[in-house]
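Every heavy atom of this structure was used, including side-chain atoms; hydrogens, water molecules and symmetry mates were not. Sequential numbering from 1 along the given sequence is applied to the chain's residues.
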Amino acid sequence: KFLISAHQMLSVNAWLNSNKRRLPAFDPLAESKTWQLDEAMRFTSSWNYVQTKFKSVIRAAFFSDMINYTDSLVPLFSKSKVNTIVAENENYFDWSGRHQLNVGVNVSSSSGITNNYAGTKSQSRISFLAGNKFSYFRNRFLAYLSGRLDYFSTGKLPVTGNVSLEYSI
């Protein structure tokens, strides 16, 4: 994490993972010749900006996952890889003492390839979110109202919404 200024912070994260497992045979007396190799690489970053009545967060991520499956008795040798890119922005506006408006957008794209199917399969999505938090009785009673709209490369989802209530004793 890097503090850029009194109102801005930048975070950068990376994870690498590799795991080779021997999977058990269906027959407990037989020797297993089944292996699975999982490898993952994940990078994320975020930029936070905070003022008295405004907060903004911009996030970006890249995920790469690989699964190689080997069963030399069948014989089955499967190699799969998926890459995902995500970018999003959330903004919060305190527009009165009792109301906070939230708007955001999320864009993501995933593509996968395996030696068991022809070609690369891909899917992209863009989502829009808007909501408002209502505060009453010195923030003891909160009400949330939000709506979301998603467009996929394969079609559109209907608008979805949510209403929630919270009371603190």
- prompt: Side-chain donor-acceptor pair under 3.5 Å between Arg148 and Ser127, yes or no?
  reply: yes
- prompt: Is Trp95 linked to Tyr92 within one hydrophobic cluster, defined over Ile, Leu, Val, Met, Phe, Trp and Tyr using a side-chain heavy-atom separation of less than 4.5 Å?
  reply: no
- prompt: So, the side chain of Asp150 versus the backbone of Phe128: is there a donor-acceptor pair under 3.5 Å, distance only?
  reply: no
Arg98 side chain near Phe134 side chain, heavy-atom distance below 4.5 Å: no
field: Lys55/Glu90 salt bridge by N-O under 4.0 Å criterion
entry: no
query: Between the main-chain N or O of Asn91 and the side-chain N or O of Asn102, is there a donor-acceptor pair closer than 3.5 Å?
result: yes
query: Under 3.5 Å, side chain of Arg140 to main-chain N/O of Ser168, donor-acceptor pair present?
result: yes
- request: Hey, could you give me the CG/OG distance between Asn68 and Ser80, rounded to the nearest 0.5 Å?
  value: 7.5 Å
- line: Smallest heavy-atom separation, Val86 atom then Asn106 atom, equals CG1-ND2, 3.9 Å
Where Asp65 and Arg42 come nearest, the two heavy atoms and their spacing: OD1-NH2, 2.8 Å
task: Determine the interplanar angle of the Tyr167 and Phe141 rings, folded into 0 to 90°, and report it as parallel if under 30°, tilted if 30 to 60°, perpendicular if over 60°.
output: tilted
query: When clusters are formed by joining ILVMFWY residues with side-chain heavy atoms under 4.5 Å apart, either directly or through shared neighbours, do Phe2 and Val50 land in the same one?
result: no
statement: Value for CZ (Phe77) from CG (Asn115), rounded to nearest 0.5 Å, stands at 10.5 Å
query: Looking only at heavy atoms, what is the nearest atom pair of Ser153 and Gln123, with distance?
result: OG-CA, 3.5 Å
- request: Please state whether the rings of His99 and Tyr136 are parallel, tilted or perpendicular, taking 30° and 60° as the class boundaries.
  value: perpendicular
message: Could you see if Val105 belongs to whatever hydrophobic cluster contains Val159? Use Ile, Leu, Val, Met, Phe, Trp, Tyr and a side-chain cutoff under 4.5 Å.
response: yes
message: Are Phe137 and Leu165 linked, directly or through intermediate hydrophobic residues, by side-chain heavy-atom contacts shorter than 4.5 Å (ILVMFWY only)?
response: yes
message: Within this structure, what is the CD-OG1 distance for the pair Gln36 and Thr70, rounded to the nearest 0.5 Å?
response: 9.5 Å
- prompt: Is Asn89 close to Val57 at the side-chain level, that is, under 4.5 Å between some pair of heavy atoms?
  reply: no
query: Looking at CG of Leu16 and CE of Met41, how far apart are the two atoms once the value is rounded to the nearest 0.5 Å?
result: 7.0 Å
- request: Give the intermediate values and the outcome of side chain to side chain contact (heavy atoms under 4.5 Å, CB included) for residues Leu145 and Lys133.
  value: CA-CA 7 Å; Leu145 176 67; Lys133 176 174 78 172; over 6 Å; no
field: Parallel, tilted or perpendicular: rings of Phe43 and Phe62 (30°, 60°)
entry: parallel
Minimum-distance pair of heavy atoms, taken over all atoms of Leu157 and Leu149: O-CD1, 4.0 Å
field: Same apolar cluster: Trp47 and Val12, side chain cutoff 4.5 Å
entry: yes
message: Within this structure, what is the OH-OG distance for the pair Tyr144 and Ser164, rounded to the nearest 0.5 Å?
response: 6.5 Å
- prompt: Which pair of heavy atoms, one from Val82 and one from Thr84, lies closest together, and at what distance?
  reply: CG1-OG1, 4.0 Å
message: Could you tell me if Ser122 and Ser111 have a donor-acceptor pair between their side chains, going purely by distance under 3.5 Å?
response: no
query: What distance do Trp15 atom CH2 and Asn13 atom CG have between them, rounded to the nearest 0.5 Å?
result: 4.5 Å
field: Contact summary for Lys79 and Thr114, nearest pair of heavy atoms
entry: O-OG1, 3.0 Å
